[in-house]
There are 2 protein chains.
Amino acid sequence: MAISIKISLNQGLYQRDPQETSLGKKIIKHAILLIDEIGFESFNFKRLAARMESTEASVYRYFENKHMLLLYLVSWYWEWVSYLIDIHTMNIEDPSKRLKIIIQTFVKASKENPAIEYVNESILHRIIITEGTKAYHIKQVDKENQEGFFLNYKHLSEKVAAVIKEVNPTFPYPRALASNLFEMANNHIYFAQHLPRLTDVKVEQDNFDEVEKMLEYLTFRLLEK
Amino acid sequence: MAISIKISLNQGLYQRDPQETSLGKKIIKHAILLIDEIGFESFNFKRLAARMESTEASVYRYFENKHMLLLYLVSWYWEWVSYLIDIHTMNIEDPSKRLKIIIQTFVKASKENPAIEYVNESILHRIIITEGTKAYHIKQVDKENQEGFFLNYKHLSEKVAAVIKEVNPTFPYPRALASNLFEMANNHIYFAQHLPRLTDVKVEQDNFDEVEKMLEYLTFRLLEK
DNA sequence: CAATAATGATAGTAATGCTATTGTTGATAA
DNA sequence: TTATCAACAATAGCATTACTATCATTATTG
């Protein structure tokens, strides 16, 4: 029996909810594969349609443009990580332990059991690492922020900040540390793989242990009293 | 008398060296202004040419495409920050003091005296903050890395890592801390301005003091023995 | 002053980023 | 069972983008 998770996202992200139809799911599935394959700059709806054997016009019925599709994927990932954190920390009392699990989730979300058949979480993780920040480094950021398009990131970040505060209530930068942990997790996997002189950690195959170890070390040095 | 700095960049970044001609300088100048104005996604060579009253073909004689132009600007910025660090730390003995100056430079490079008349450093800084990472979050990163297109970032990062090692030779992640300081400086200015719930610092007008204070705090907590 | 390099002017082409229209299919409801 | 309707496919079309090519003109330099 498959467990069915329904990730809830801001309705403004899409024209028609892709989770509701089989064509919608197909769009998500192939978008993830294709962006990973050719990169976000080369990705477009015509190529996507060709790949999934549908038409450009049909894709446009689900997403306004490729930026919104990326934002949808990124939001989906934020929400998914948030969900993973919830289920993994549910019964854990010790906030330090919870924070460790959070770090592990940031780094290794992609190693989880696949939750949804049309989303390849491992490949999506690669997209987040490479293309993720492009979703909010845009000219229209304030407008989209007003429409609540980045709420999933904020919620995730605030969830983590709350745990940081539990670990050390006097630490003055819990939100910054929370968002930085997420960004750093992605960045240093990327650096290790592509620009290794910008980091100290090594990543072989899909072994991100050193990244996790580094984040743990930094975090608990900052939070120790 | 104007002080004349010549920033040296990888020749592969451009087709013709823009620092050598007045048209080249004009391209740099107006590219900075226009990217800041309309964002990198909307920016293109036709618009740039129109703005500077030249032609598209002429711009293409200097840069292969807009990605290379962005990479040129980002490299220029890395190199300029590197230069600022050199002159500001030149006579400082104490490595902790040098590191503080580095942090200040990361955050406030844009407040420096303009060094080159055709580069508005303050506006360039805004571009780095918003668009900077797009220069290396690309599909072709490995190929471009092989050609040495990111050397300026690496050198900057290694320069900072060396000082970090001086402050605390046992700290296990000097390179990661170095690159993270640079990324964090930019990120948290951006967050404070656009997505304030992702950070704890406030930025009013062009006052980045809180970002600087935060980076100092984090850095020296990590490095204290 | 001759030669040559840089730029401007113009045109053109393939790809991109859409929108519109019309036809087909498959599900639902009367 | 058929009428209705929504979703999707098929096709076309158009403005913009991302270049490349050619040729004329203007600066530079030897």
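Chain letters run A, B, ... following the sequence lines, proteins first, then strands; residues in each count from 1. Side chains included, hydrogens not; waters and symmetry mates left out as well; all remaining heavy atoms used. Model, not experiment: these values are computed from the prediction.
In this structure, B/Lys26 atom NZ and D/dA27 atom P are separated by 13 Å, rounded to whole Å. In this structure, B/Glu20 atom CD and D/dT28 atom P are separated by 14 Å, rounded to whole Å. Between the CG atom of B/Leu48 and the P atom of C/dT7 there is a distance of 14 Å, given to the nearest Å. For the pair B/Lys25 NZ and C/dT7 C1', the computed distance is 17 Å after rounding to whole Å. Regarding A/Glu41, its CD atom lies at a distance of 15 Å from the C1' atom of D/dT17, rounded to whole Å. Atom pair B/Phe63:CZ and D/dT20:C1' shows a separation of 19 Å (rounding to whole Å applied). At whole-Å resolution of the value, CD1 in A/Ile27 and C1' in D/dA7 are 12 Å apart.
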Is there a side chain to side chain donor-acceptor pair (under 3.5 Å) between B/Ser54 and B/Lys26? Walk through the geometry before answering.
CA-CA 10 Å; B/Ser54 176; B/Lys26 220 172 135 190; over 6 Å; no

Could you check A/Lys134 against A/Glu41 for salt bridge (charged side-chain N to carboxylate O under 4.0 Å, His left out), going step by step and ending with a plain yes or no?
CA-CA 10 Å; A/Lys134 294 174 191 170; A/Glu41 277 69 37; 3.1 Å; yes

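Judged by the 6.0 Å distance and 45° axis criteria, B/Lys66 is not positioned over the aromatic ring of B/Phe45. With A/Phe208 as the aromatic partner, A/Lys111 meets the cation-pi criteria of under 6.0 angstrom to the ring centre and within 45 degrees of the ring axis.
A sub-4.0 Å separation between OP1 or OP2 of D/dA9 and a side-chain N or O of A/Ser58 is present. B/Arg16 has a side-chain polar atom (N or O) that falls below the 4.0 Å cut-off from OP1 or OP2 of C/dT7. The phosphate of C/dG8 has OP1 or OP2 within less than 4.0 Å of a side-chain N or O from B/Ser54.
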If you restrict it to nitrogen or oxygen atoms, what contacts under 3.5 Å exist between nucleotides 19-24 of chain C and the protein, and what is each distance?
none

Protein and nucleotides 14-16 of chain C: nitrogen or oxygen contacts under 3.5 angstrom:
unit_1, atom_1, unit_2, atom_2, d
C/dT16, OP1, A/Arg47, NH2, 2.8

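Side-chain rings of A/Tyr14 and A/Tyr62 stay apart, their centers remaining 6.0 Å or farther from each other. Proximity of the aromatic rings of B/Phe149 and B/Tyr136 is defined here by a centroid distance below 6.0 angstrom, and this criterion is not met.
A distance of 11.5 Å separates CD1 of B/Ile189 from CZ of B/Arg126, quoted to the nearest 0.5 Å.
Nucleic acid contact class of A/Tyr62 (heavy atoms, under 4.0 Å, all strands): sugar-phosphate only.
Side-chain contact between B/Leu13 and B/Asn10 is present, with at least one heavy-atom pair separated by less than 4.5 Å. Annotation: side chain of A/His88 is in contact with side chain of A/Glu112 (closest heavy-atom distance under 4.5 Å). Between B/Leu48 and B/Leu69 the shortest side-chain heavy-atom distance falls below 4.5 Å.
Contacts with DNA chain D (heavy atom under 4.0 Å) in residues 65-74 of chain B: B/Asn65, listed by number.
The nearest heavy atom of DNA chain D to A/Leu23 and to B/Phe43 marks one nucleotide each, and the one closer to the 5' end goes with A/Leu23.
In plain terms, the two heavy atoms of B/Gly39 and B/Glu131 that are nearest each other are CA-OE2, 3.7 Å.
Taking a cutoff of 4.0 Å between a charged side-chain nitrogen and a carboxylate oxygen, B/Lys108 and B/Glu212 qualify as a salt bridge.
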